[in-house]
Number of protein chains: 2
Amino acid sequence: MSKQTVGLSLIDIDAGASCCVPMSEQSIPAETAAVLAPAFKALGDPVRLQLMSMIASAPGGEICVCDLTPAFDLSGPTISHHLKTLREAGLVDAERRRTWVYYRARPGVMRQLATLLNIQPTTDV
Amino acid sequence: MSKQTVGLSLIDIDAGASCCVPMSEQSIPAETAAVLAPAFKALGDPVRLQLMSMIASAPGGEICVCDLTPAFDLSGPTISHHLKTLREAGLVDAERRRTWVYYRARPGVMRQLATLLNIQPTTDV
DNA sequence: TGTCAACCTAGACGCATGTCTAAGCAGACG
DNA sequence: CGTCTGCTTAGACATGCGTCTAGGTTGACA
C-alpha cells in the first residue's frame, strides 16, 4: 500500500511525540495544527466516531470488519471507506488474518489529542 | 441556513453531561456519536484548531477577534466564519464589549472529548 | 480448477465546506 | 449628523466528502 510522503505524518508523531501540552497552557503552532487537525477531522463523523469506539473497546483489543459492518445501515464499501480514513489518520491499524481483516486502535495519537484537550480547572476565572 | 432540530444539542451536553467514559472502556451509542462528532469536526480544520488553542490559552481567559484575525493569512470574514463554527459546536462563547468582540473557551465539551479519548495503558495485551 | 465469501478499489453523484468579495450592522468619535 | 473601524452576514464558487453500485483481489474449500 502506498503512503504519500507528507513531510510530517501522523504515524511519525506516534513515534516521536512532542506536541503534548494542553492547549489551555500554550497555543498550537500552525504546523502542529496542520498535523493534528486531520485526526480530529477523522473523528468528526458520527459513523467513524462510533467505529473508533467499537474498535477501541473491543475485547482482546481487536475486532473483525465483519463485526463492524452489520452494526450500521450502510453498505460494506462505505464502512470500508470510513475505516480507511481512520487508518490514514493514524488512529487504527488493520491486519488480515486468513479470511478476515481485524482492526485495532493505536493509542498514541488518541492520547495526544486527549492531552491537547485536557483543560486545567485552575484556568477558570 | 436552516438548522435541523436534532433533539439533543451540544449546548445541552454542557449542562447535563452524561457521556463521560473513555471509549476504550465502552463503545459509544449512535445518538451520543451524533452529538459529539460535530465537536470533533469543528476541531478538524487546522485554522479552527489553532484558533481554539489561541482562545483557550489566552491570558485572562479571553481574546479579541482583532488579535486572532492578523495571525492568519485569511480574510476577516473567513476567520469570522470559523469562529461561528466553533461557537455552534459549543466550544467557545462570544461577547461584545464596546468596539470589540471577545471569545472565551467553554471547557465543558472539551473536557468530555478529552475523557472520551483517554485510553488506559492497561488495555494493552 | 471453479466457486464462494470477505473486503477493498474505482468511479459517479449530490451535498457540505472553505474561501472570497460585497454589503450590512453596531459603536466610537468628531 | 457623517464617517470610520470592527465584525458579521449574504451570496458565489471550487473543492472535499459521504454515499452508492460495479467490479476487483485475496483466501478458503470442494
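Source: prediction; values computed, not measured.
A donor-acceptor pair is defined here as one N or O able to donate and one able to accept, closer than 3.5 Å; no such pair exists between the side chain of A:Thr32 and the backbone of A:Ile28. A:Arg48 contributes a side-chain N or O that, together with a main-chain N or O of A:Ala42, makes up a donor-acceptor pair within less than 3.5 Å. Side-chain N or O atoms of B:Ser53 include one that pairs as donor or acceptor with a backbone N or O of B:Gln50 at under 3.5 Å. Judged by distance alone, the side chain of A:Ser80 and the main-chain N or O of A:Gly76 form no donor-acceptor pair under 3.5 Å. A donor-acceptor contact shorter than 3.5 Å is absent between the side chain of A:Thr78 and the backbone of A:Leu74.
B:His81 comes within 4.0 angstrom of a base, heavy atoms only. Within the 4.0 angstrom heavy-atom criterion, no nucleotide atom of any strand lies near A:Tyr102. Note on B:Tyr103: only backbone sugar-phosphate atoms sit closer than 4.0 angstrom, heavy atoms only; bases stay farther off.
In this structure, B:Arg96 fails the cation-pi test against B:Tyr102, since its NZ or CZ atom is not both closer than 6.0 Å to the six-membered ring centre and inside 45 degrees of the ring normal.
The separation between B:Glu95 atom CD and C:dA26 atom P is 17 Å, rounded to whole Å. The distance from atom CH2 of A:Trp100 to atom C1' of D:dG27 is 10 Å, rounded to the nearest whole Å. What separates CZ of B:Arg98 from P of D:dT5 is a distance of 17 Å, to the nearest Å. Following rounding to the nearest Å, A:Leu68 (CG) and C:dA6 (P) show an atom-to-atom distance of 14 Å. Atoms NE2 (A:His82) and P (D:dC20) sit 8 Å apart, rounded to a whole Å. At whole-Å resolution of the value, CZ in B:Phe40 and C1' in C:dT17 are 20 Å apart. Separating the NZ atom of A:Lys84 from the P atom of D:dT19 is a distance of 16 Å, rounded to the nearest angstrom. Rounded to an integer number of Å, the gap from CD of B:Glu88 to C1' of D:dT8 is 13 Å.
Annotation: proximity of residues 73-80 of chain A to DNA chain D (heavy atom, distance under 4.0 Å) is found for A:Leu74, A:Ser75, A:Pro77, A:Thr78, numbered in ascending order. Residues of residues 42-50 of chain B that place a heavy atom closer than 4.0 Å to DNA chain C, in numerical order, are B:Asp45, B:Arg48.
To the nearest 0.5 Å, the span separating CE on B:Met23 from CD1 on B:Ile119 amounts to 7.5 Å.
Taking a 6.0 Å sphere around CZ of B:Arg98, one finds it holds 12 or fewer heavy atoms contributed by other residues, nucleotides or ligands.
Taking 4.0 Å as the cut-off between side-chain N and carboxylate O, B:Arg104 and B:Asp93 do not count as a salt-bridged pair.
Residue B:Cys66 is the one, among B:Cys66 and A:Arg96, whose nearest nucleotide of DNA chain D lies closer to the 5' end (criterion: closest heavy atom).
Nearest nucleotide to the B:Arg87 side chain, out of D:dC7, C:dC7, D:dT8: D:dT8.
Distances shown here put a side-chain N or O of B:Lys41 below 4.0 Å from the OP1 or OP2 atom of C:dT17.
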